[in-house]
Protein chains: 2
Amino acid sequence: MRMSNGVEWALHTLLNLDMLGGGPVGSGRLAQAHALPASYLNKQLQHLVRAGLLVSVPGPRGGFRLARPLADTTLRDVVEAIEGDARLFQCTEIRCCGSIGELTPRPTTACAVKLAMQRADDAWRQALEAQTLADIREELDRTPHIGRAVRSALG
Amino acid sequence: MRMSNGVEWALHTLLNLDMLGGGPVGSGRLAQAHALPASYLNKQLQHLVRAGLLVSVPGPRGGFRLARPLADTTLRDVVEAIEGDARLFQCTEIRCCGSIGELTPRPTTACAVKLAMQRADDAWRQALEAQTLADIREELDRTPHIGRAVRSALG
DNA sequence: GGCTTACTACTCGGATACTGCTTGTCCGAGTTCAGGGGG
DNA sequence: CCCCCTGAACTCGGACAAGCAGTATCCGAGTAGTAAGCC
């Protein structure tokens with residue numbers, strides 16, 4: 001149960017785009033910034049476009065730019081854009097199968113195991129939602145040479 | 001990023017073992033209880049043995065029995081026994097790669113993205129740890145026919 | 001009759017194939033820009 | 001000199017393979033129980 005690398009790529013790319021300002025940047029240069037496979041990064045950024053976090057501009061001088069300020073984008077938005085919004089734990093209702101399932105009437109209440117795992121899932125998503133990319137950007141700005149390097153590499 | 005089915009299987013199996021009392025139960029019967037593939041369930045239960053949640057008894061009349069009361073086993077114990085204790089988000093330090101990485105000195109502080117994701121990870125694990133299997137057992141006992149069915153199917 | 005011993009049946013445990021998803025790559029559709037020709 | 005048109009280059013977007021973890025299965029090692037043989 002490992003999260004896709006695309007989440008890390010997406011987060012750093014969003015932060016880089018914010019440090020550069022408004023203009024669109026192509027996936028090729030964004031990939032070069034962190035030595036990532038360009039086409040595959042492009043694929044991940046398409047997920048962010050569909051989720052409304054990025055806007056894509058076709059043609060020469062095109063690329064991707066932020067759809068809204070980083071303060072309005074939470075970690076949860078990014079994770080769910082890449083990974084989907086499926087639950088970490090998927091209940092397959094095995095309580096209704098096999099010899100035990102046949103000996104019990106159709107349950108009317110939700111599976112207690114499922115509910116317990118969902119509580120943890122909710123805590124995770126809530127913690128993700130409580131942190132915006134602007135918070136991380138602020139953290140990064142404590143070391144100013146990072147922003148300078150980004151502008152120097154991509155600007 | 002989906003959790004393995006083995007977690008669900010392990011949780012229900014642990015609960016079933018507790019409802020039956022102390023004696024060891026073979027993986028064949030435990031699997032039959034929920035119509036699961038026996039050998040594969042066996043593999044998952046081996047993980048629980050290595051984690052110290054179960055004790056295995058070889059030979060005829062052998063099987064698996066609980067190593068300790070359910071009140072001493074948390075959801076986190078089970079999840080980490082099956083899935084391992086690796087972080088959901090694994091930072092690959094791409095900030096040090098590519099053209100940006102070459103323009104920045106070796107960072108002395110931890111990656112801000114990594115830290116933010118770890119905070120959510122910690123919230124998840126904490127929520128898992130706050131719930132014991134005894135709590136779920138208590139929830140299940142609200143509908144007594146479940147326990148009767150388990151004892152009737154496996155006892 | 002009681003004890004020892006060999007055998008059988010049943011269990012866990014790990015080694016061995018198979019499947020689906022994540023990862024990675026490639027090519028086509030669309031758009032902007034530049035340059036040349038015409039008015 | 002200005003405008004229009006054609007072509008080329010560059011971008012995103014989705015379709016097409018490769019690698020790997022999760023899934024499923026099988027067989028061997030070991031043990032408890034049983035039954036037969038011996039004292």
Side-chain angles (χ1 to χ4, degrees), chain A residues 1-10 13 17 23-32 34-67 79 81-84 86 88-90 92 94 154, chain B residues 1-10 13 17 23-32 34-67 79-90 92 94 97 154:
Chain A
M1 188 185 40
R2 211 181 88 268
M3 198 177 294
S4 160
N5 286 336
V7 174
E8 183 182 13
W9 302 1
T13 299
L17 280 172
V25 183
S27 61
R29 265 202 289 174
L30 290 169
Q32 188 184 10
H34 290 298
L36 306 174
S39 292
Y40 191 36
L41 175 64
N42 195 350
K43 196 188 196 62
Q44 308 292 356
L45 298 184
Q46 285 174 31
H47 290 143
L48 299 184
V49 171
R50 282 180 214 142
L53 307 184
L54 283 182
V55 173
S56 66
V57 180
R61 308 281 295 171
F64 297 91
R65 62 178 173 79
L66 295 178
V79 169
I82 300 291
E83 296 285 336
L88 293 179
F89 177 87
Q90 266 146 340
T92 60
I94 62 173
L154 296 175
Chain B
M1 187 184 42
R2 211 180 89 268
M3 198 177 293
S4 160
N5 286 336
V7 175
E8 183 182 12
W9 302 1
T13 300
L17 280 172
V25 184
S27 61
R29 265 202 288 174
L30 290 169
Q32 188 184 11
H34 290 299
L36 306 173
S39 291
Y40 191 36
L41 175 64
N42 194 352
K43 196 188 195 61
Q44 308 291 357
L45 298 184
Q46 284 174 31
H47 290 142
L48 300 184
V49 170
R50 282 180 214 142
L53 308 184
L54 283 183
V55 174
S56 66
V57 180
R61 308 282 295 175
F64 298 92
R65 63 179 172 80
L66 295 177
V79 168
E80 293 191 347
I82 301 290
E83 296 284 337
D85 58 357
R87 293 274 183 181
L88 293 180
F89 178 87
Q90 267 145 338
T92 60
I94 63 172
C97 307
L154 296 175

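Order of the sequence lines sets the chain letters (A, B, ...), proteins ahead of strands, with each chain counted from 1.
Nucleotide dC21(C) holds its P atom 18 Å from the CD1 atom of I82(A), rounded to whole Å. L45(B) places its CG atom 10 Å from the C1' atom of dC12(C), with the value rounded to the nearest Å. The distance between atom CG of N42(A) and atom P of dC10(D), rounded to the nearest whole Å, is 16 Å. To the nearest angstrom, P of dT11(C) lies 11 Å from CD of Q32(B).
Residues that satisfy the side chain to side chain donor-acceptor pair (under 3.5 Å) test with T92(B), not counting sequence neighbours, are E8(A). For R87(B), the salt bridge (charged side-chain N to carboxylate O under 4.0 Å, His left out) criterion is met by D121(B), D122(B), not counting sequence neighbours. In this structure A38(B) satisfies the side chain to side chain contact (heavy atoms under 4.5 Å, CB included) test together with A31(B), sequence neighbours excluded.
Judged by distance alone, with hydrogens and angles left aside, the side-chain atoms of E83(A) form a donor-acceptor pair with the main-chain N or O of S4(A) at under 3.5 Å. R65(A) places no side-chain N or O within donor-acceptor distance of the main-chain N or O of V55(A), the cut-off being under 3.5 Å.
Residue S27(B) places at least one side-chain N or O under 4.0 Å from the OP1 or OP2 atom of dC12(C). Between Q46(B) and dC12(C) there is no side-chain N or O to OP1 or OP2 distance below 4.0 Å.
Looking at residues 50-63 of chain B, you'll see G59(B), P60(B) sit with a heavy atom under 4.0 Å from some atom of DNA chain D.
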Evaluate the side chain to side chain contact (heavy atoms under 4.5 Å, CB included) criterion for residues V49(A) and L45(A): first the C-alpha distance (whole Å), next the side-chain angles of each, then the deciding distance (0.1 Å), finally the verdict. CA-CA 6 Å; V49(A) 171; L45(A) 298 184; 5.5 Å; no
List the steps, then state whether side chain to side chain contact (heavy atoms under 4.5 Å, CB included) holds for L48(B) with I82(B). CA-CA 7 Å; L48(B) 300 184; I82(B) 301 290; 4.0 Å; yes
Heavy-atom contacts, protein to nucleotides 19-29 of chain D, under 4.0 Å, summarised as B (base), S (sugar-phosphate only) or - (none) per nt, yield ---SBBBB---
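The side-chain hydrogen bond (donor to acceptor under 3.5 Å, both in side chains) pairs that include a residue from residues 40-58 of chain A are Y40(A)-Q44(A), where partners are two or more places apart or lie in different chains.
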